[in-house]
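Single-structure report; data block below.
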Amino acid sequence: MTSTNTMPAVDPSGMKAGATARDRREAKGRRRRILRVVAATLAVVLVLGGGGVAWWVTSETDALSSQVTAAKRLMETSDGKVAKQTTRVGLSAQIAEANSVLDESVLTRLTTGTADARQSLGAATDAVEGSMVEFGRDEVEAARKSLVAAQGQAEKVYAATEGLGVDDGTRERLQSALDSMATADAAASTSVDGEDLAALEQAVNDLSTNRSVVTVATTALVDAQDAITCPAPDQTWDPDSGKVPESALAEIPWAPTHFVRADVLDSLVKLDEAYQKAFGEHLTINSSYRSYKSQASIYDPSSPIAAPPGCSNHGLALAVDIGGGVETFGTEQYEWLKDNAETYSWTHPAFAEPDGRVPEPWHWESVLARSGA
């Protein structure tokens, strides 16, 4: 009888058929340890036997270390200067990841390399730098808008003071500031198209400086005109007085020939509604917004009653003169307004009080008005 020798079945992993899961795990672990030993041995041989390999590992490590140092500096300089904060969060994470690679053994870095860490850190660095450029451009545009607002006010004041007696030197200084501002704005327009962070920051500084110069020169011109035009210390000249555009005015509903600034109408309407509940009638409006021409027609230099043209809150559409009993100190209507008007953002200015510069019980102003004009 012929006998046949049968070999145990073996699976592709080298394990005998019927091996338990535990056996398989142990075998797999042994294979991994063997592979690590082989890799380590090969690495040692390469390092000890080849100076070029050792140089390569050192060079790669130094490159990543330098990249980390630069990234850390960027984290410091970019604080508060990025358009997207998430870019700094990403860079911080990549710095930590690169540091973990640097903390690995030489043999591990030889096996895994540093290319992935360098690439990821470079991408995160680029994202932060790009976000800084975006932030710089936004800052320039914001500074330009602020400068434009200052320019508009300056040009308005310059035009309004022509021929009103201010010395030429004061007006020339404002014009010079406006010219310098235009130069700075043109330079900023060029910088905002580039990616030079230093140029963008310089543009912001130049724009801010020029805005300050223009603002100071504008204030100086306003003060000079005020000293000439408005004799009382509680009056202030304003280039908009009597020149409020129609689009900014609103008709008083129960007094259709009278106007106030649109943004104060609602408070006046609410004051009138409360007044009606108390007295059964509307506030009697005798005067409201006065154009520059109207101010000039009623101004009498020998009388303090009407302010000089350009010095009145009537000219800014922020004041009304009220009758119907309010025009007399001590009346029930006057006392009611004294007690209640400020609840609705209207007030009786100090100059118009019984002991004020010009006692005027009828003159009432929005709280948005400059005091006493």
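A distance of 13.0 Å separates OH of Y292 from CG of D240, quoted to the nearest 0.5 Å. Rounding to the nearest 0.5 Å gives a distance of 6.5 Å between CG of L337 and OH of Y275. Here the straight-line distance linking atom OG of S120 with atom CD of Q67 works out to 9.5 Å at 0.5 Å rounding. Interatomic distance, CD1 of I285 versus CD1 of I322, reported as 5.0 Å (0.5 Å rounding). Taking CG from L178 and CG from L174, the interatomic distance works out to 4.5 Å, rounded to the nearest 0.5 Å. Between E172 atom CD and Q175 atom CD the span is 9.5 Å, to the nearest 0.5 Å.
Of all heavy-atom pairs spanning C230 and T236, the tightest one is SG-C, 3.8 Å. Shortest non-hydrogen contact noted between A63 and R118 is CB-CZ, 3.6 Å. Between A177 and A217, the shortest heavy-atom contact is CB-CB, 4.3 Å. Looking at every heavy atom in both residues, S131 comes nearest to K84 through OG-N, 2.9 Å. Taking both residues in full, the closest heavy atoms of P309 and T229 are given as O-CG2, 3.5 Å, listed atom of the first, atom of the second, then distance. Heavy-atom minimum distance, L147 versus L207: CD2-CD2, 3.5 Å.
Annotation: D116, atom CG; neighbour count of heavy atoms from other residues, nucleotides and ligands within 6.0 Å does not exceed 12. Environment of NZ in K243: crowded, with over 12 heavy atoms of neighbouring residues, nucleotides or ligands closer than 6.0 Å.
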What verdict does the salt bridge (Lys or Arg N to Asp or Glu O under 4.0 Å) test give for E139 and K81, after you've listed the backbone C-alpha separation in whole Å, the side-chain angles of each residue and the deciding distance to 0.1 Å?
CA-CA 10 Å; E139 289 288 287; K81 295 182 179 181; over 6 Å; no
Test side-chain hydrogen bond (donor to acceptor under 3.5 Å, both in side chains) on Q202 and S191 and set out the steps.
CA-CA 9 Å; Q202 186 61 52; S191 298; over 6 Å; no
Before giving the answer on side-chain hydrogen bond (donor to acceptor under 3.5 Å, both in side chains), spell out for S100 and D103 the whole-Å C-alpha distance, their side-chain angles and the decisive distance to 0.1 Å.
CA-CA 5 Å; S100 69; D103 289 339; over 6 Å; no
Do T114 and E60 pass the side-chain hydrogen bond (donor to acceptor under 3.5 Å, both in side chains) test, and can you show the C-alpha distance, the side-chain angles, and the key distance before you say yes or no?
CA-CA 7 Å; T114 61; E60 287 289 297; 2.9 Å; yes
Step by step, would you call E327 with H363 a side chain to side chain contact (heavy atoms under 4.5 Å, CB included)?
CA-CA 8 Å; E327 74 277 12; H363 183 91; over 6 Å; no
Using side chain to side chain contact (heavy atoms under 4.5 Å, CB included), reason through I305 and V358 one step at a time and then give a plain yes or no.
CA-CA 7 Å; I305 296 298; V358 185; 3.8 Å; yes
Verdict with supporting geometry, K145 and V148, side chain to side chain contact (heavy atoms under 4.5 Å, CB included):
CA-CA 5 Å; K145 288 180 181 179; V148 167; 5.6 Å; no
Step by step, would you call F279 with W336 a side chain to side chain contact (heavy atoms under 4.5 Å, CB included)?
CA-CA 10 Å; F279 298 101; W336 185 92; 3.7 Å; yes
Could you please spell out the steps behind the side-chain hydrogen bond (donor to acceptor under 3.5 Å, both in side chains) verdict for H282 and Q276?
CA-CA 5 Å; H282 288 291; Q276 287 184 74; 3.2 Å; yes
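Counting heavy atoms from C-beta on, the side chains of W237 and V222 come closer than 4.5 Å. A heavy-atom distance below 4.5 Å is found between the side chains of R88 and M75. When side chains are defined from C-beta on, T125 does not count as touching Q94, because their heavy atoms never get closer than 4.5 Å. With a 4.5 Å cut-off on side-chain heavy atoms, E353 and P359 do not count as touching. A heavy-atom distance below 4.5 Å is found between the side chains of N99 and K72. By the 4.5 Å heavy-atom criterion applied to side chains, F259 and E246 are not counted as neighbours.
A donor-acceptor pair under 3.5 Å is formed between the side chain of T69 and the backbone N or O of S65. A donor-acceptor contact shorter than 3.5 Å is absent between the side chain of Q235 and the backbone of A307. Counting only distance, with no hydrogens or angles, the side chain of S366 and the backbone of V264 share no donor-acceptor pair below 3.5 Å. Within the 3.5 Å criterion, the main-chain N or O of L316 finds no donor-acceptor partner in the side chain of N313. Remark: the backbone N or O of L283 is paired with a side-chain donor or acceptor of W254 at under 3.5 angstrom. The backbone N or O of D206 lies less than 3.5 Å from a partner atom in the side chain of N210, making a donor-acceptor pair. Within the 3.5 Å criterion, the main-chain N or O of D62 finds a donor-acceptor partner in the side chain of S66. The backbone N or O of T328 lies less than 3.5 Å from a partner atom in the side chain of T331, making a donor-acceptor pair.
Cluster membership check: V68 shares its hydrophobic cluster with L74, using side-chain heavy-atom separations under 4.5 Å among Ile, Leu, Val, Met, Phe, Trp and Tyr. Both L271 and V260 belong to a common hydrophobic cluster when Ile, Leu, Val, Met, Phe, Trp and Tyr are linked at side-chain heavy-atom distances under 4.5 angstrom. By the criterion of side-chain heavy atoms lying less than 4.5 angstrom apart, applied directly or through intervening Ile, Leu, Val, Met, Phe, Trp or Tyr residues, M132 is grouped together with L121 in one hydrophobic cluster. V213 and V157 fall into different hydrophobic clusters, where Ile, Leu, Val, Met, Phe, Trp and Tyr residues are linked whenever their side-chain heavy atoms come under 4.5 Å apart, directly or through other members. Hydrophobic cluster membership is shared by L268 and L368, with clusters built from Ile, Leu, Val, Met, Phe, Trp and Tyr side chains linked at under 4.5 angstrom.
Looking at D185 and R211, no side-chain N of the basic residue comes within less than 4.0 Å of a carboxylate O on the acidic one, giving no salt bridge. Checked for salt-bridge contact, E141 and R144 meet the test: a charged N lies under 4.0 Å from a carboxylate O. At a threshold of 4.0 Å, the pair D193-R137 does not count as salt-bridged, since none of the basic side-chain nitrogens sits closer than that to a carboxylate oxygen.
In summary, the side chains of D167 and T170 do present a donor paired with an acceptor at a separation below 3.5 Å, with no hydrogens or angles considered. In this structure, a donor-acceptor pair under 3.5 Å is absent between the side chains of S312 and R290. Using a 3.5 Å distance cut-off with no hydrogens or angles, the side chains of H314 and D321 do pair a donor with an acceptor. For the residue pair T218 and Q153, no side-chain donor N or O sits within less than 3.5 Å of a side-chain acceptor on the partner.
Note that R261 lies outside the cation-pi zone of Y289, set by a 6.0 Å cut-off to the ring centre and a 45° limit from the axis. Within the cation-pi definition used here (under 6.0 Å to the ring centroid, within 45° of the axis), K270 does not qualify as a partner of Y344.
Ring pair W364/H348 is tilted by interplanar angle, where 30° to 60° counts as tilted.
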